[in-house]
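Whatever order the structure lists them in is the order used to number ligands and atoms, beginning at 1.
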Amino acid sequence: MEKYIVIHGPNLNLLGTREPEIYGSTTLEEINEMLYNEAKKYNITLEIFQLNSEGEIIDTIHKHKNACGMIINPAAYTHYSIAILDAIKATNLPTVEVHLSNIHTREDFRKKSVTAEGCIGQISGFGSHSYILGLNAILNKNQNNKARK
Ligand code: DQA
């Protein structure tokens with residue numbers, strides 16, 4: 001079975017109670033449940049991680065470099081982690097970046113994503129549904145790439 005990974009970055013373990021007016025009231029467990037259900041429809045294996053530190057995120061990307069793709073919400077690291085950008089580039093792991101909130105309508109420091117430069121694309125602003133859109137986007141991309149071969 002094809003394997004995909006999902007990485008939730010720092011503070012996302014607090015979803016549900018963390019600034020619900022921005023991030024919604026859906027918990028991380030509920031988001032993961034939605035993702036596992038979506039994965040079942042496509043007969044793929046999904047491994048999901050929530051990591052608060054940059055080094056652990058980088059190690060996890062390295063460890064899963066042979067996966068078919070990754071959905072990542074780097075959270076605050078989005079805005080300044082060149083190390084995570086480099087890990088995505090170094091592994092060539094096809095990646096979609098997702099955000100619950102629309103980072104482009106928030107504070108100026110959130111409008112810039114350094115990590116998106118290494119990604120196929122970015123989905124931002126659809127709440128928990130951003131993750132489902134991200135998974136669908138990468139599956140679709142991989143399907144199209146296969147058809148072309
Ligand atoms: C976030 C947006 C980031 O700016 C913020 O630091 C987060 C969550 C989002 O999903 O909307 O932690 O990535």
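- In terms of protein heavy-atom proximity, atom 9 (C) of ligand 1 is nearest to Leu100 N, 3.4 Å.
- Any N or O atom pair closer than 3.5 Å counts here, and Ala76 shares at least one such pair with ligand 1.
- Arg18 counts as a contact of ligand 1, since one of its heavy atoms falls under 4.0 Å from the ligand.
- Heavy atoms of His99 found under 4.0 angstrom from ligand 1 belong to the backbone as well as the side chain.
- When heavy-atom distances to ligand 1 are checked against a 4.0 Å cut-off, Asn73 comes that close only through its side chain, counted from C-beta outward.
- The NZ atom of Lys89 sits 14.0 Å away from atom CD1 of Ile84, with the distance rounded to the nearest 0.5 Å.
- Here's the thing with Thr78: none of its N/O atoms is less than 3.5 angstrom from an N/O atom of ligand 1.
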Begin with the C-alpha distance, continue with both residues' side-chain angles, and end with the deciding distance and a verdict on side chain to side chain donor-acceptor pair (under 3.5 Å) for Glu97 and Ser113.
-> CA-CA 10 Å; Glu97 177 171 305; Ser113 167; 2.9 Å; yes
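- With ligand atoms numbered from 1 in the order given, ligand 1 contributes 2 (C), 9 (C), 11 (O) to contacts under 4.0 Å with heavy atoms of Ser101.
- Taking each of Glu107, Arg110, Lys111 in turn, the one with a heavy atom nearest to atom 5 (C) of ligand 1 proves to be Arg110.
- One finds the CG atom of Asn140 at 11.5 Å from the CG atom of Leu133 (value rounded to the nearest 0.5 Å).
- When hydrogens are left out, the protein atom nearest atom 3 (C) of ligand 1 is His79 NE2, 3.5 Å; that is the closest non-hydrogen contact.
- Under the 4.0 Å criterion applied to side-chain N and carboxylate O atoms, Glu47 and Lys63 are not assigned as salt-bridge partners.
- Of all the heavy atoms of His8, none lies under 4.0 Å from any atom of ligand 1, so neither backbone nor side chain is involved.
- Sorted by first and then second residue, the side chain to side chain donor-acceptor pair (under 3.5 Å) pairs involving residues 77-88 (not counting sequence neighbours) are Glu54-Ser81.
- Ring pair His8/Tyr131: centre-to-centre distance below 6.0 Å.
- Atoms CG and OG, from Asn102 and Ser124 in turn, are 4.5 Å apart once rounded to the nearest 0.5 Å.
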